[in-house]
Amino acid sequence: MSIERYNPREAEPRWQAYWTENRSFEAAEDAARPKYYVLEMFPYPSGRIHMGHVRNYTMGDVIARFRRALGYNVLHPMGWDAFGMPAENAAIERGVHPKSWTYENIATMKRQLKSMGLALDWSREIATCDPSYYRHEQAMFIDFMEKGLVERKVSMVNWDPVDHTVLANEQVIEGRGWRSGALVEKRELAQWFLKITAYSDELLSALDGLDKWPEKVRLMQKNWIGRSEGMRFSFALEDAQGKLLNEKLTVYTTRHDTIFGASFCAISADHDLAKRLSGSDQGLDAFRREVAALGTSEETIERAEKKGYDLGLYARHPFREGVRLPVYAANFVLMGYGEGAIFGCPAHDQRDLDFARKYGLPVIPVVAPRGTDAADFMVGAEAFVEKEGDNTVLINSDFLNGMGVPQAKAEIATRMEAMGIGERKVNFRLRDWGVSRQRYWGCPIPIIHCASCGIVPVPKAQLPVTLPDDVSFDKPGNPLEHHPAWKHVDCPACGKAARRETDTFDTFIDSSWYYARFCSPHADVPVTEEAAKYWMGVDQYIGGVEHAILHLLYSRFYARAMTATGHLAIKEPFDSLFTQGMVIHETFRTLTGEWVLPADAVQQDGKWVHAKTGEALEVGGVEKMSKSKKNVVDPDDIIARYGADTARWFMLSDTPPERDIEWTESGAEGAWRFTQRVWRLVNEAATASGSDPAASLELCRAAHKALQAVTEDLSALRFNRAIARIYELANALNAAHGKAEPAAVREAASFLILMSAPMMPHLAEECWQALGAKGHVVDTPWPKADPALVVDDEVTIAVQVNGKRRDEIRIAKGTPAAEVEAKVRGLESVVRSLEGRPIKKVIVVPDRIANIVG
RNA sequence: GCGGGCGUGGCGGAAUGGUAGACGCAACGGACUUAAAAUCCGUUUUCCCUCAAGGAAGUGCGGGUUCGAUACCCGCCGCCCGCACCA
């Protein structure tokens, strides 16, 4: 008898149609059932889905289908993070309108996602560029304003002087604008800010409660918020002649204990004092321009060589009579942190040390390991930065000598407070969230600027403020600014001619509340109370680790801001978070260095050549799939060739989900072969015959053990392990073919189908029919393993001598340690390994191991 | 530069203080076939030993804790992610 091969091309669309017609995945609130909200980070509609999407959405889908089978009322929605710069770039480069470009991409990607067979509730689809979505964003912004969570202040942007446009950090390449090539300048601009810093403490302390988030993400957020306990204090300033000036220099430090090691002060190039002095100092002016050319990226600033400009001013040391510290403007001091001014203690800070060596400033060690002789302790090329647990002591520090660091800090703080020159201060690294963007393709900020009334919010009845469609990208800069009519509006307060805000929102705003909108996507409020109460928070959120800080922190802030304004009643949006790894692939390039698509690379006589031109190819590294290196595989091609189930299966097998996965042709083929193997095994099971009772019990145990393990693995998102267990069951089923009782074979086959279903839903439905089972897999509950069949009554215990494995014994499960010890002592292999030495000790871990020490 | 992570056979990985290498891929040998594909059966960490039995080494590198370390601690090396206007 021959079995026809499984044909996914025919079967997959058929089952997708069935689920759609059956409305299998449309969710509705149901108080009688426990809910489960699974959400994957929604995609930016860039054009076509990529393998990273396939991986992300497959994982979410497995969870959704698994939870559904377990009896949960599952919400699994999908939408589009549809505003953003690529749409404008397409408009500038190819003349397509951002709106049509975006909606065409959405149509393509939606078709692609549908072909993956995802268990999504498409009736809840949202696109952030739709006014029905962003009108709520505008209304909430006004609510936030009323709550005092919005502020307008000046901040720095990257300015391209040729294109007359603000550049994102990623558009600044080596200090130049990516399109114009012009040297980028920093420029001050009045911008809107959301006061996320109002929640600094709260966002930090609530991290402790997020026990189902990866520890690394919590740590990254903690460090990002960066709470520090330090001091703010002021130095008296004098000029070169020693004349006291009517000006103080206020600095922030967390290392006030090292004040006796101070050898200079440094202020940011954007510090008020630097700005004022540069008017009369050309050298300083040039220095400030040089620093401005670095742009606004903290990474660039901190990587740049440490440089300073001597201001010719001196700060009087508060505790050392007659000692004065030169004051510099320096490129590594950030205006946005603390006071934008520091004192430098080169011996105990690497940046300060680099700076001091460059400008020939003294290096005075003031902290040393306890027991070191102060006279001998020197700092060379590396600053002495103490680590946790170090036992250190203050030296060269007058009244602080001999104290530990915490005690010295307390002493300095007390003295400075008594002197009235400073106070203890908690500081945060976290800055307020600048949400203004000088771009077209984003949500308009609902504000009107009136010459007489000032800033006036657009009345809610007039919302949404919609984007005009008739815009031109011919001129550089923001099209909303150039639009002939859009920005002209009457002031809602006084009725006089006024001007609309032409900035749009940061797209991070769009993605900071979409999880809530999915609960009631068609409501005329951002989210209805009943829907939010039932569905929130997200039980399982899944996305890339690249969002570990910004998106997740902004979302956490938004949940709080929405709660403060009565839109939500929950502070943490994501109960459990999973960060999945990237999809990587081999790279190929021609001998002239051009990247080649993997689809065009073929092996001939062991060498790689271009399939079309026959050119020889070099195999490069295995790297993140990217268009620039062309090491991409199109999901459409894979699905057309093998079907969605194969692609889904491959994405989950072998590699742990949090790690990067390498897409390989052979791995995909292996997954494809397995789909066929399952099909064959199930068809054989449907016509099973056999009569070996031992094989039946063995198969039965194997099936129940596999079920138990897979259930646990899927609950814990260990997809790769679940798949390994499914392979084992398939092997067991194969081995039992023709031997085991038909009933046992059918049970094992049905477990195999149901366990594979979250990963390979189409094949599972097809197999279910072939097995002649009732109903459909999509409506079949998850089976339960029989505990009696899961435990073995005999176990294998490893026998070690001095920690080295020498033997193993089979023994009844639960045999007491004393009995095991007696049995093990007499083993021939143990006696031989001991080589006549007496036994000193025997360690027995019941059911696991026995270790004889001799 | 700062913050965070990862590192195990030819490859992806399993084992989170107790038998290192489950499961998959690749490779090799065999069966079936006129042949190929597909499928099925078997072998596969390295080294010593003709085989067997047995032994030694081995989880990026160097140290430490422990009866026992891939896992815990300290110091390095390599790779990856984030750094506030990419999404």
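Naming: A, B, ... by sequence-line order, numbering from 1 per chain. In this text, all values refer to a predicted model and were calculated from it rather than measured experimentally.
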Visitor: Please check if any side-chain donor atom of Thr796(A) sits under 3.5 Å from a side-chain acceptor atom of Glu808(A), or the reverse.
Guide: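 Thr796(A) vs Glu808(A): no donor-acceptor pair found between side chains.
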
Visitor: When you compare C47(B) with G9(B), how far apart are their C1' atoms, in angstrom units rounded to a whole number?
Guide: 14 Å

Visitor: Hey, is the side chain of Glu298(A) pairing donor to acceptor with the base of C83(B) inside 3.5 Å?
Guide: no

Visitor: How close or far is atom C1' of A84(B) from atom CD of Gln221(A), stated in whole angstroms?
Guide: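 In whole Å, A84(B) C1' and Gln221(A) CD are 13 Å from each other.
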
Visitor: Taking the minimum atom-to-atom distance to the side chain of Asn731(A), which one of G18(B), G4(B), C23(B) wins?
Guide: C23(B)

Visitor: Tell me the interatomic distance from Phe674(A), atom CZ, to C23(B), atom C1', rounded to whole angstroms.
Guide: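 My rounded result for the distance is 11 Å.
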
Visitor: To the nearest Å, give me how far apart CD (Glu808(A)) and P (G54(B)) are.
Guide: 11 Å

Visitor: Represent RNA chain B in dot-bracket notation, 5' to 3'. Only Watson-Crick or G-U wobble pairs with both distances under 3.5 Å count; pseudoknot-style crossings use [ ] and interstrand partners use |.
Guide: (((((((..(((.....[....))).(((((.......))))).((((.....))))..(((((..]....))))))))))))....

Visitor: Considering only atom P, compute the distance from G17(B) to C28(B) and round it to an integer number of Å.
Guide: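 Roughly 40 Å separates the two P atoms.
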
Visitor: Taking any heavy-atom pair under 4.0 Å as a contact, classify Arg806(A): base, sugar-phosphate, or nothing.
Guide: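 Sugar-phosphate contact only.
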
Visitor: On a whole-Å scale, what distance lies between the C1' atoms belonging to U59(B) and A69(B)?
Guide: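 Their C1' atoms lie roughly 10 Å apart.
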
Visitor: Is any side-chain nitrogen or oxygen of Asn169(A) closer than 4.0 Å to OP1 or OP2 of C85(B)?
Guide: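 For C85(B), OP1/OP2 do not have a side-chain N/O of Asn169(A) under 4.0 Å.
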
Visitor: To the nearest Å, give me how far apart OH (Tyr337(A)) and C1' (C2(B)) are.
Guide: 12 Å

Visitor: Under 4.0 Å between a side-chain N or O of Arg673(A) and OP1 or OP2 of A26(B)?
Guide: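 Looking at the OP1 and OP2 atoms of A26(B), one of them is under 4.0 Å from a side-chain N or O of Arg673(A).
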
Visitor: Checking contacts here: which listed nucleotide (A57(B), G1(B), A87(B)) is nearest the side-chain heavy atoms of Met85(A)?
Guide: A87(B)

Visitor: Ignoring the backbone of Lys216(A), work out which of A87(B), G5(B), C85(B) is nearest its side chain.
Guide: G5(B)

Visitor: So, are Arg152(A) and Glu501(A) salt-bridged, with charged N and O less than 4.0 Å apart?
Guide: yes

Visitor: Listed by chain and number, what are the side-chain hydrogen bond (donor to acceptor under 3.5 Å, both in side chains) partners of Trp433(A), not counting sequence neighbours?
Guide: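 With sequence neighbours excluded, Trp433(A) shows a side-chain hydrogen bond (donor to acceptor under 3.5 Å, both in side chains) to Asp506(A), given in chain and number order.
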
Visitor: Please report the distance, rounded to the nearest Å, between CD in Glu712(A) and C1' in A22(B).
Guide: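 For the pair Glu712(A) CD and A22(B) C1', the rounded distance is 16 Å.
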
Visitor: Check Asp270(A) with Lys186(A), please: is the shortest side-chain N to carboxylate O separation under 4.0 Å?
Guide: yes

Visitor: Between Glu298(A) and Arg431(A) (salt bridge meaning N to carboxylate O under 4.0 Å), is one present in this structure?
Guide: yes

Visitor: Between A84(B), G12(B), C86(B), which nucleotide has the shortest distance from any of its atoms to the side chain of Glu170(A)?
Guide: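 So the side chain of Glu170(A) is nearest to C86(B).
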
Visitor: Where the side chain of Arg5(A) is defined as all heavy atoms beyond and including C-beta, which of G18(B), A38(B), A22(B) is the nearest nucleotide?
Guide: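 Nearest to the side chain of Arg5(A) among the choices is A38(B).
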
Visitor: Check whether the side chain of Gln171(A) and the base of C86(B) form a donor-acceptor pair under 3.5 Å.
Guide: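 Check fails, no donor-acceptor contact within cut-off.
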
Visitor: If the C1' atom of A57(B) is compared with that of U65(B), how far apart are they to the nearest Å?
Guide: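 Per the computed distance, 23 Å lies between those C1' atoms.
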
Visitor: When you compare G18(B) with G68(B), how far apart are their C1' atoms, in angstrom units rounded to a whole number?
Guide: 7 Å

Visitor: Looking at U8(B), I'd like to know if its phosphate oxygens (OP1 or OP2) sit under 4.0 Å from a side-chain N or O belonging to Arg659(A).
Guide: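 The answer is no; no side-chain N or O of Arg659(A) sits under 4.0 Å from OP1 or OP2.
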
Visitor: Salt-bridged, Lys705(A) to Glu728(A), with N to O below 4.0 Å?
Guide: no

Visitor: Any donor-acceptor pair under 3.5 Å linking the side-chain atoms of Arg805(A) with those of Asn851(A)?
Guide: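 There is no such pair between these side chains.
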
Visitor: I want to check one thing: is the phosphate of A84(B), taken as OP1 and OP2, less than 4.0 Å away from some side-chain N or O of Arg431(A)?
Guide: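 Looking at the OP1 and OP2 atoms of A84(B), neither is under 4.0 Å from any side-chain N or O of Arg431(A).
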
Visitor: Would you say the side chain of Arg848(A) and the base of G18(B) hold a donor-acceptor pair, judged only by whether the two atoms sit under 3.5 Å apart?
Guide: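 Looking at the base of G18(B), it does not pair with any donor or acceptor on the side chain of Arg848(A) (distance under 3.5 Å).
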
Visitor: A57(B) phosphate, OP1 or OP2: any side-chain N/O from Lys804(A) under 4.0 angstrom?
Guide: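 It does, given that an N or O in the side chain of Lys804(A) lies less than 4.0 Å from OP1 or OP2 of A57(B).
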
Visitor: I want to verify a distance call: between U19(B), G24(B), C83(B), whose nearest atom is closest to the Tyr727(A) side chain?
Guide: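 The closest nucleotide is G24(B).
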
Visitor: I'd like the C1' distance from G42(B) over to U34(B), given in whole Å.
Guide: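 So the two C1' atoms sit 26 Å from each other.
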
Visitor: What does Gln676(A) touch in the nucleic acid at a heavy-atom separation under 4.0 angstrom: a base, only the sugar-phosphate, or nothing?
Guide: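 Nothing, no nucleic acid heavy atom in range.
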
Visitor: If you count heavy atoms of other groups shown closer than 6.0 angstrom to NZ of Lys306(A), is the number above 12?
Guide: yes

Visitor: Take atom C1' in G63(B) and the same atom in G82(B), then report the distance between them in whole Å.
Guide: 32 Å

Visitor: Taking Glu93(A) first and then Arg179(A), would you say they form a salt bridge - that is, a charged N and a carboxylate O separated by under 4.0 Å?
Guide: yes

Visitor: Which nucleotide sits closest to the side chain of Arg680(A): C40(B), C85(B), C6(B)?
Guide: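 My answer, after comparing the listed nucleotides, is C40(B).
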
Visitor: When you compare the side chains of Trp213(A) and Gln221(A), does any donor N or O come within less than 3.5 Å of an acceptor on the partner?
Guide: no

Visitor: Without decimals, in angstroms, what is the distance between Phe508(A) CZ and C86(B) C1'?
Guide: 8 Å

Visitor: Should Arg677(A) be listed as having a side-chain N or O under 4.0 Å from OP1 or OP2 of C40(B)?
Guide: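 So the side chain of Arg677(A) is within the cut-off, an N or O lying under 4.0 Å from OP1 or OP2 of C40(B).
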
Visitor: Which nucleotide in the set G4(B), C85(B), C23(B) lies at the smallest distance from any side-chain heavy atom of Leu219(A)?
Guide: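 Out of G4(B), C85(B), C23(B), the nucleotide with an atom closest to Leu219(A)'s side chain is G4(B).
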
Visitor: Report yes if a side-chain nitrogen or oxygen of Thr507(A) is closer than 4.0 Å to either non-bridging phosphate oxygen (OP1 or OP2) of A87(B); otherwise report no.
Guide: yes

Visitor: What's the closest nucleotide to the Asn223(A) side chain, out of G4(B), C85(B), G54(B)?
Guide: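 Within the option list, the nearest is G4(B).
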
Visitor: Hey, is G75(B) sitting syn or anti, using the within-90° cutoff around 0?
Guide: anti

Visitor: Look at the side-chain N and O atoms of Asn720(A) and state whether any lies under 4.0 Å from the OP1 or OP2 oxygen of A14(B).
Guide: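 Result: yes.
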
Visitor: Nearest to the Ala168(A) side chain among G1(B), C86(B), A84(B), which nucleotide is it?
Guide: C86(B)

Visitor: Rounding to the closest angstrom, what is the interatomic distance between G24(B) and C61(B) at atom P?
Guide: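 It comes out at 28 Å once rounded to the nearest Å.
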
Visitor: Let me spell it out: for each of Asn734(A) and Gln800(A), pick the nucleotide of RNA chain B with the closest heavy atom. Which residue's pick is nearer the 5' end?
Guide: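 Upstream on the strand: Gln800(A).
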
Visitor: So, are Lys358(A) and Glu305(A) salt-bridged, with charged N and O less than 4.0 Å apart?
Guide: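 Between Glu305(A) and Lys358(A) there is a salt bridge, with a charged N closer than 4.0 Å to a carboxylate O.
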
Visitor: In whole Å, what is the span from the CD atom of Glu302(A) to the P atom of C83(B)?
Guide: 14 Å

Visitor: Contact class for His547(A) (heavy atom, under 4.0 Å): base, sugar-phosphate, or nothing?
Guide: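 Result for His547(A) = base.
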
Visitor: Over all strands shown, is Gly581(A) touching base, sugar-phosphate only, or nothing at heavy-atom distances under 4.0 angstrom?
Guide: nothing

Visitor: Let me know the distance between CD1 of Ile549(A) and P of G5(B), rounded to the nearest Å.
Guide: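 Distance, rounded to whole Å: 12 Å.
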
